[in-house]
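Proteins come first, then strands; the chains are lettered A, B, ... in the order of their sequence lines, and each starts at number 1.
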Amino acid sequence: MINVNELTHDYGHGRGVFEVSFDVDKGETLGFLGPNGAGKSTTMRHLMGFSKPQSGSATIDGLDCTRQSSEIMKRVGYLPGEVALPDGLTGAGFLKMMNELRGGGIDRRAQELLERFKLDPSGSVKRMSIGEKRKLAVAAAFMGDPEILLLDEPTSGLDPIMQEEFISLIKEEKQRGRTVLLSSHIFAEVEALCDRIAIIKDGRLVSTVDAAEIRHGLNNIITVGFENEKDFAEFGNGSFDFRLRDRSSLKCSVVVDDSDINRFIKAIKRFAIRSFEEHSVTLEEYFMHFYKSNKTFGGVSYA
Amino acid sequence: MLSLPLLKQSIKSNSVMWGSMTGVMTLLCVQFSSLDMTRSLLFTIFYGMMTTILPGIYVLVTANKLLASQVDRGSMAYVLSTPTKRSSVTFTQAFYLVNSLVAMFGIQTLAHLLVNRVKPLALGELAYSSLAGELTSKMILQVNLSALMVCIALAAVCFMFSGVFNSTKYSIGMSGAFIGVSILANMLAMFGNLGVEGLKNFKYLTLCSFYDYQSVLAGSTDWISKLIFPAAIALAAFAAGRLVFARKDLPL
Ligand SMILES: Nc1ncnc2c1ncn2[C@@H]1O[C@H](COP(=O)(O)OP(=O)(O)OP(=O)(O)O)[C@@H](O)[C@H]1O
Ligand SMILES: [Mg+2]
């Protein structure tokens, strides 16, 4: 449905996006993760046809995002990362204009969303709070019930209740077979919504992973502190997946799968143990290492 | 091509500026053409300067608001996230700009026609002129048409800058310099016409020189051939603005 192929746009000084490639299939939700300035919004701008790729291509439904953007827009709902609503309008006026620009007709969807997000659109857009403006932008993005949704940090500026409401909204949209590309800095959101996750850093796609695969692969890390060096050394020579063996503090960190937990407990029973700490790896921690310049997962200290 | 909802939005968001400029211009026109004190200066001051200065300020501000400022602020993203083409955005905005000028001059002309019917002006009353006869309705229409055409050309150039630049700073900067030079040179050239020889050459620096009320008053047809230049400039500038806007990268 959405296809980005070797997309490159160099803004100089190492900024921009470089050879970014990914696909989002029909009915799929792809999470777009990456640090500030990584190129998430830039990629979306290319999908929207605001910027032209220097090389490579971006297509939606087989249509070229630069040349056929007006055709594409009939099927796409877009939520910009920065809400800059037009001046001099009330919330209702803005939605009316957007509805007319989308071809008119009665739009129940936007009305429903306003009720759902508890927004009164009668005031002037200028006086609205950031969250209120964003709710308006959300209502505008879902107007006309588009098949494809490009959402750039959709929940930033929303309060926690509204964030939850938004997540449940996207879940419903997924159920209805919508294709979603969603950029976010909030792991919980990505974890709850995405089928696959693309990680971008410094303008380059670092990896694209199946969310299910990550969730499955997640395991517990247990840190055990020993009373004496002998026990530490003996345990440390066992056949476990060690993340850390620190002789000075006599601590070992081990990755333990649920299936392996019995063997682990039997093994440590024989030793004199000073401390025991269990620590489950969340998606957040998994991704954190992509954010830090230090790229080794094991480099995160658990001791 | 024309997007009605966008046109509606442009009319709404520019109504204050348009209304006040139209109001001021119409009031000045009524004042200059009716009060005995100022009637003699109707052409030198009002038609000589005001009909380019006031619309000049209007087009400077408005042209920027129609494209560049919306790109700069980011609100253009909403319009372009609907099936509205960029070319239809520029067409609609240019359509608004031209027609708002037509309406502005239309109202002002109507007011002048009414005043002139009630209290006709003898051309002999005018300062710095040695013309005979009365100011006719036809002359009023012709003078305004000539002024309108020049203002459309000024608008088109500002619109081009608004389409070319992504930031208000440059769009207003370039348009402001352009309008400023056009108006200033026009005033200096007018003093040239009134006898200050050294200032005559300023007429080559401004589009306003294609606006020729003197030829209308004198009954010659010079003003008609002079319409062609601003018309051509307007077409070229609108086309350039549209072309660049349709192709450039928008930082939205
Ligand atoms: N038009 C432009 N001209 C110059 N540099 C640009 C332009 N657009 C984007 N950039 C640069 O490209 C980089 C990527 O920006 P982008 O907005 O895509 O980041 P992002 O991943 O969305 O970050 P954030 O999480 O902060 O929203 C930034 O360093 C930005 O300065
Ligand atoms: Mg961004």
Side-chain angles (χ1 to χ4, degrees), chain A residues 9 11 16 41-42 44-54 66-90 93-104 125-126 133 136-137 139-144 146 148-152, chain B residues 1-20 61-62 64-93 96 162-163 165-168 242-252:
Chain A
H9 200 135
Y11 292 113
S41 303
T42 304
M44 295 232 187
R45 277 183 209 118
H46 283 83
L47 284 168
M48 288 300 290
F50 298 156
S51 303
K52 271 198 296 284
Q54 283 170 344
T66 311
R67 279 177 287 113
Q68 290 160 296
S69 86
S70 67
E71 191 57 37
I72 290 173
M73 289 311 141
K74 289 179 186 162
R75 299 166 219 186
V76 169
Y78 173 57
L79 183 63
E82 288 156 48
V83 273
L85 300 169
D87 317 298
L89 285 172
T90 62
F94 169 67
L95 290 176
K96 186 158 172 278
M97 177 184 99
M98 290 303 285
N99 188 30
E100 286 173 359
L101 282 168
R102 282 201 162 275
V125 165
K126 234 184 199 153
K133 284 183 196 160
L136 264 187
F142 283 84
M143 198 170 251
I148 301 162
L149 293 160
L150 301 181
L151 309 170
D152 197 352
Chain B
M1 262 300 143
L2 188 73
S3 161
L4 278 179
L6 189 60
L7 182 65
K8 243 168 58 185
Q9 156 69 5
S10 296
I11 293 173
K12 240 190 261 172
S13 66
N14 293 298
S15 59
V16 174
M17 183 73 187
W18 180 85
S20 55
V61 173
T62 308
N64 175 63
K65 270 183 78 180
L66 290 174
L67 297 175
S69 131
Q70 294 187 39
V71 171
D72 200 0
R73 294 186 61 244
S75 60
M76 187 62 86
Y78 292 95
V79 176
L80 293 179
S81 69
T82 67
T84 315
K85 285 196 174 99
R86 288 196 201 181
S87 57
S88 144
V89 171
T90 41
F91 182 79
T92 306
Q93 305 295 55
Y96 167 76
S162 183
F165 295 111
N166 288 331
S167 78
T168 291
R242 270 191 96 187
L243 201 73
V244 173
F245 188 80
R247 299 195 174 184
K248 71 177 176 178
D249 277 0
L250 296 169
L252 294 172

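- Contacts of B:R247 with chain A are made by both backbone and side-chain atoms, with heavy-atom separations under 4.5 Å.
- Contact annotation for A:P80: only side-chain heavy atoms (C-beta onward) come within less than 4.5 Å of a heavy atom of chain B.
- Residues A:M73 and B:L80 come closest through the heavy atom pair CG-O, 3.6 Å.
- Within the 4.5 Å cutoff, side-chain heavy atoms of A:K96 are placed close to those of B:K8.
- A:H46 does not touch chain B: none of its heavy atoms, backbone or side chain, sits under 4.5 Å away.
- Across all their heavy atoms, A:M98 and B:Y78 have their closest contact at CE-O, 3.3 Å.
- Minimum heavy-atom separation, A:S70 to B:K85: OG-CG, 3.4 Å.
- In this structure, chain B has no heavy atom under 4.5 Å from any part of A:L150.
- With chain B as partner, the option from A:G88, A:P86, A:P146 having the largest number of non-hydrogen pairs under 4.5 angstrom is A:P86.
- Listed options A:G49, A:G93, A:S51 were ranked by heavy-atom pairs under 4.5 angstrom with chain B; first place goes to A:S51.
- Both the backbone and the side chain of A:R102 come within less than 4.5 Å of a heavy atom in chain B.
- The candidate from B:L252, B:V79, B:T84 with the greatest count of non-hydrogen atom pairs under 4.5 Å with chain A is B:L252.
- Ranked by heavy-atom pairs under 4.5 Å with chain A, the list B:T82, B:L4, B:V16, B:L6 is led by B:T82.
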side-chain contact (heavy atoms from CB on, under 4.5 Å) assessment of A:H9 paired with B:D249: CA-CA 11 Å; A:H9 200 135; B:D249 277 0; 2.8 Å; yes
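- Side-chain N or O atoms of A:R45 include none that pairs as donor or acceptor with a backbone N or O of B:P251 at under 3.5 Å.
- Looking at every heavy atom in both residues, B:S81 comes nearest to A:M48 through CB-CE, 3.5 Å.
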Verdict with reasoning, A:D87 to B:K65, per salt bridge (charged side-chain N to carboxylate O under 4.0 Å, His left out): CA-CA 10 Å; A:D87 317 298; B:K65 270 183 78 180; 5.4 Å; no
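- Within 6.0 Å of CD in A:E82 there are 12 or fewer heavy atoms belonging to other residues, nucleotides or ligands.
- Once rounded to the nearest 0.5 Å, the distance linking NZ of B:K12 with CG of A:L89 reads 6.0 Å.
- Across B:S75 and A:L85, no two heavy atoms sit closer than the pair CB-C, 3.8 Å.
- Between B:R73 and A:A84, the shortest heavy-atom contact is O-CB, 2.8 Å.
- Contact of the B:V71 side chain with the A:F50 side chain is not registered, since no non-hydrogen atoms from C-beta on lie closer than 4.5 Å.
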